[in-house]
Amino acid sequence: QVQLVESGGGLVQAGGSLGLSCVASGRIFSFNAMGWFREAPGKQRELVATITSGLSTNYADSVKGRFTISKDNAKNTVYLRMNSLKPEDTAVYYCNLRNGPFEYWGQGTQVTVSS
């Protein structure tokens, strides 16, 4: 079994920065990709950014140029650095891990950007 625990969420003013971390634990032997998704009130969960084991990254158009995803393989940890935050970024952010046919989710962490 795999567990994902996010941290770093909170309240920040528009234009500010925030960093999120996600630590994966449990029976992890390898993974194909880790990433971040977010879910705003009344909206579907959407992809924010992903990173593969080979360091290939993918970003949603809405965050491209502002957010940066990175990982530390030794710590089974993925990070999301969020700069130039906008009120539209307000959402619950979820960590995700994929390994073959398996997919795991964290419990989510609230990010609120005030105007």
- Rounded distance [0.5 Å steps], CG in Leu18 versus OG1 in Thr109: 8.0 Å
- Under 4.5 Å between side-chain heavy atoms, hopping through other hydrophobics if needed: is there a path connecting Trp36 to Val2? yes
- Message: Measuring only between side-chain heavy atoms, which start at C-beta, is Cys22 closer than 4.5 Å to Met34?
- Response: yes
- Task: Could you pull out the closest heavy-atom pair between Ala40 and Ala91, with the gap in Å?
- Result: N-CB, 3.8 Å
- Query: In Å and rounded to the nearest 0.5 Å, what is the CG to OH distance from Leu4 to Tyr94?
  - Reply: 13.0 Å
- Spell out, as yes or no, whether a donor-acceptor pair under 3.5 Å connects the side chain of Tyr59 to the backbone of Ile69. yes
- Message: For a 4.5 angstrom cut-off between non-hydrogen side-chain atoms, does Phe31 reach Asn73?
- Response: yes
- Quick one: CZ on Arg98 to OG1 on Thr52, what's the gap to the nearest 0.5 Å? 9.0 Å
- Consider only side-chain heavy atoms of I, L, V, M, F, W and Y, link residues closer than 4.5 Å, and tell whether Val48 and Leu55 are in one cluster. yes
- Query: Short question: side chain of Gln1, backbone of Arg27 - any donor-acceptor pair under 3.5 Å?
  - Reply: no
- List the steps and the verdict of side chain to side chain contact (heavy atoms under 4.5 Å, CB included) for Arg45 and Val92. CA-CA 9 Å; Arg45 186 173 299 187; Val92 177; over 6 Å; no
- Using the six-membered ring wherever Trp is involved, compare the ring planes of Phe67 and Tyr93 and label them parallel, tilted or perpendicular (cut-offs 30° and 60°). tilted
- Once you round to the nearest 0.5 Å, how far does CG of Leu85 lie from OG of Ser114? 10.0 Å
- In Å and rounded to the nearest 0.5 Å, what is the CD to OG1 distance from Gln110 to Thr90? 7.0 Å
- Item | Atom of Ser17, atom of Asn83 and distance for their closest heavy-atom approach | OG-OD1, 2.8 Å
- Message: With heavy-atom distances below 4.5 Å as the criterion, would you say the side chains of Val78 and Cys95 are in contact?
- Response: yes
- Message: Could you tell me if the side chain of Val113 sits less than 4.5 Å from the side chain of Met82, heavy atoms only?
- Response: no
- Go through the steps for Val23 and Lys75 under the test side chain to side chain contact (heavy atoms under 4.5 Å, CB included), then give the verdict. CA-CA 7 Å; Val23 180; Lys75 298 180 179 179; over 6 Å; no
- Query: Does a salt bridge link Lys64 with Asp61, judged by any charged N lying under 4.0 Å from a carboxylate O?
  - Reply: yes
- Task: Verify side chain to side chain contact (heavy atoms under 4.5 Å, CB included) between Leu47 and Asn58, making sure each step is shown before the conclusion.
- Result: CA-CA 9 Å; Leu47 183 147; Asn58 183 49; 4.0 Å; yes
- Query: Of all heavy-atom pairs between Pro87 and Ala14, which one has the smallest distance, and what is that distance?
  - Reply: CD-CB, 4.1 Å
- About how many Å separate CG of Leu97 and CD of Gln3, when rounded to the nearest 0.5 Å? 11.0 Å
- Is any side-chain heavy atom of Arg38 closer than 4.5 Å to a side-chain heavy atom of Glu46? yes
- State yes or no: do Leu20 and Val12 share one hydrophobic cluster built from I, L, V, M, F, W and Y residues joined by side-chain heavy-atom distances below 4.5 Å, directly or via other members? yes
- Query: Quick one: does Asn32's side chain have a donor or acceptor within less than 3.5 Å of a partner on Gly100's backbone?
  - Reply: yes
- Flag side-chain contact, heavy atom, 4.5 Å: Tyr79 against Thr68: no
